[in-house]
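Remarks on the structure that follows.
Numbers restart at 1 for each chain; the letters A, B, ... are given by sequence-line order, proteins then strands.
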Number of protein chains: 2
Amino acid sequence: MTRSMNIVAAVRASGVSAKMIRHYEERGLIAKARRTAAGYRLYGDADVHALRFIRQARDLGFSTQHIAALLDLWRDRRRPSAKVKALALEHLRDLERKAAELHAMKATLEHPVHGCHGDDRPQCPNLEALAMPVEGGATAQPVRRRGVLRQGTRR
Amino acid sequence: MTRSMNIVAAVRASGVSAKMIRHYEERGLIAKARRTAAGYRLYGDADVHALRFIRQARDLGFSTQHIAALLDLWRDRRRPSAKVKALALEHLRDLERKAAELHAMKATLEHPVHGCHGDDRPQCPNLEALAMPVEGGATAQPVRRRGVLRQGTRR
DNA sequence: GTCGGGGTTGCCACCGTGGGAAGGTCAAGC
DNA sequence: GCTTGACCTTCCCACGGTGGCAACCCCGAC
């Protein structure tokens, strides 16, 4: 019976903010919503379903691009499960790569930290060494290897 | 003797891009550079030093805010090492929190993935269950617990 | 009719980074 | 001298994901 609901109802049913619902619509992740005469968006159960799907995927760290792909597969009755699995595996590898980077940062930071007295004296020898790394021949070559991870905006 | 160099030389000596050097200057992380009559920025060894410091800190995942704080401490001859340590520990805890979130995502994703056949058949039961989570009484409460991690832009 | 809670659009912000346009400058070579 | 090419400057735009705010319309209850 797919009762129709307005955007706030869809927010409550899906856990996705109104802002993001509109955003996903604009980005083409979900279809343009039907509208009332006054222009209000209308949603049905299927839409809420899709929104929850999106929320779950986001919580798992999938990028919008990947979510779009997953949604396509999800809507396709005849999808080969291999494709779904491939996407998921790729994402898993991504998660692992990020975890490894985090781990490396942690390791690099941990040793100097433990060597730091943490008192009123200014010395914090290892941390300072850490601050000034390669240091030696001056003019380092344009290194350019970089990490990935950055802090997100979610709450 | 602090020979002066232009921005490209500073880039080569520090490993920070010209774009980001200007950005850090604008953000107040580093002091406004001296300029030639023509308006070209001039850098000395101390500046390169600071830039390397920044690059290292970024590679360790510190946010610009934290880096600014670290720089202040670094420049303060009389800094109490306790403050440095506190910042570093806070960041370590942050890294650990992120790692835990990544780990949780990985765990949530791994089980369904292994249960997915990965062939031509459309079924991928666990993944679909994953897609549609709480599902049951409809209208879930406005959940609002969210992850953190998002992919960064670095290379 | 008025009020409050919704709805709509659109723009701005964060963070870190890169890309590019439009224009000025400098040193080397003819 | 003049050209060329490398380099500098500023300013704006983009990504991703999210929130905030402003200005305005709409609808139901009193």
Legend entry - Rounded distance (Å) that lies between atom C1' of D:dG17 and atom CD of A:Glu26: 13 Å
Legend entry - Rounded distance in Å - CG (B:Leu51) to P (C:dG16): 15 Å
Inset, instruction - Check whether any side-chain N or O of B:Arg35 sits under 4.0 Å from OP1 or OP2 of C:dT25, and answer yes or no. - result: no
Legend entry - Per A:Thr64 side chain, nearest of listed nucleotides D:dC7, D:dG17, C:dT9: D:dG17
Inset, instruction - Please identify each residue that fulfils side chain to side chain contact (heavy atoms under 4.5 Å, CB included) with A:Ala33, with sequence neighbours left out. - result: A:Glu25, A:Arg41, A:Tyr43
Inset, instruction - Please determine, for the side chain of B:Tyr24, which listed nucleotide (D:dT9, D:dC8, C:dT17) has the closest atom? - result: C:dT17
Legend entry - Under-4.0 Å salt bridge between B:Arg22 and B:Glu26: no
Inset, instruction - Rounded to the nearest angstrom, tell me the gap between atom NE2 in A:His23 and atom C1' in C:dA13. - result: 15 Å
Inset, instruction - Would you please classify the geometry between the A:His91 ring and the A:Phe62 ring as parallel, tilted or perpendicular, with 30° and 60° separating the classes? - result: parallel
Inset, instruction - Take the protein atom CE of B:Met5 and the nucleotide atom P of D:dA6, then report the distance between them rounded to whole Å. - result: 22 Å
Legend entry - Short side-chain N/O contact to C:dG6 OP1/OP2 from A:Asn6, under 4.0 Å: no
Legend entry - Proximal nucleotide (of D:dG17, C:dT8, C:dG6) relative to the A:Met20 side chain: D:dG17
Legend entry - Under-4.0 Å side-chain N/O to phosphate OP1/OP2 contact, B:Thr36 with C:dT25: no
Inset, instruction - To the nearest Å, give me how far apart CG (A:Leu42) and P (D:dC26) are. - result: 15 Å
Inset, instruction - Rounded to the nearest angstrom, tell me the gap between atom CG in A:Leu60 and atom P in D:dG17. - result: 14 Å
Legend entry - Donor-acceptor pair (no angle test) under 3.5 Å: B:Tyr40 side chain, C:dG24 base: yes
Legend entry - Shortest non-hydrogen contact from A:Arg75 toward A:Ala50: NH1-CB, 4.5 Å
Inset, instruction - Determine: side-chain N/O of B:Arg41 to OP1/OP2 of D:dT10, distance under 4.0 Å, yes or no. - result: yes
Legend entry - Distance below 4.0 Å between B:Arg58 side-chain N/O and C:dT17 OP1 or OP2: yes
Inset, instruction - For a side-chain contact (heavy atoms from CB on, under 4.5 Å) with B:Ile54, tell me which candidate from B:Ile30, B:Asp59, B:Thr64 qualifies. - result: B:Ile30
Inset, instruction - For B:Arg27 and for B:Lys19, locate the closest nucleotide of DNA chain C by heavy-atom distance; then report the residue assigned to the nucleotide nearer the 5' terminus. - result: B:Arg27
Legend entry - B:Ser63 side-chain proximity, nearest of D:dT18, C:dG16, D:dT10: C:dG16
Legend entry - Rounded interatomic separation in angstrom, taking NZ from A:Lys98 and C1' from D:dG16: 11 Å
Legend entry - Shortest side-chain distance from B:Ala38, nucleotide among C:dT8, D:dG17, C:dT25: C:dT25
Legend entry - Whole angstrom value for the distance that separates P of D:dC21 from CZ of A:Arg22: 15 Å
